[in-house]
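To start, the structure under review is shown below, and the notes come after it.
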Amino acid sequence: MAKSIPLPVTQGNDKYIKTFDACDDPIVYTLVRVSPYTMEDMLLGVFDSKESVMCRLARIMDRPSNDEQFKIETHNLRTLKQEEDLN
């Protein structure tokens with residue numbers, strides 16, 4: 001949990017403290033293949049949009065192997081400055 005920092009009262013629209021909000025962060029997508037034999041995950045790529053990850057998945061699914069599983073995961077990107085601002 002981040003420490004709260006007392007801020008001086010200011011005039012205008014600056015009355016809210018910036019906090020961690022996952023909705024504000026850019027989202028990236030990863031495509032993961034699950035091996036049917038060892039059940040290990042293998043990262044196939046990182047994508048900037050759901051359209052691009054679906055395009056890659058469609059290309060991979062042209063020749064699927066037996067019992068292959070694929071997972072699409074979403075991740076929020078945070079910069080170092082955003083993380084340090086929470087301290």
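Residues Met42 and Tyr37 do not share a hydrophobic cluster, clusters being chains of Ile/Leu/Val/Met/Phe/Trp/Tyr side chains in contact below 4.5 Å. In this structure, Tyr29 is not a member of the same hydrophobic cluster as Val32, with clusters built from ILVMFWY side-chain heavy atoms closer than 4.5 Å.
Every residue two or more places apart in sequence or in another chain that forms a side-chain hydrogen bond (donor to acceptor under 3.5 Å, both in side chains) with Thr79 is listed here: Gln82. Taking Arg33 as the reference, Glu68 meet the side-chain hydrogen bond (donor to acceptor under 3.5 Å, both in side chains) condition, with sequence neighbours excluded.
Of the options Val53, Thr30, Leu31, Leu43, a side chain to side chain contact (heavy atoms under 4.5 Å, CB included) to Glu73 is made by Thr30 and by none of the others.
Note that CZ of Arg56 and CD1 of Ile72 are 12.0 Å apart. Values are rounded to the nearest 0.5 Å. We find the CD-CE distance between Gln69 and Met39 to be 5.0 Å, quoted to the nearest 0.5 Å.
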Side chains of residues 44-51: which donor-acceptor partners sit under 3.5 Å, not counting sequence neighbours?
residue, atom, partner, partner atom, Å
Ser49, OG, Ser52, N, 3.3
Ser49, OG, Ser52, OG, 3.2

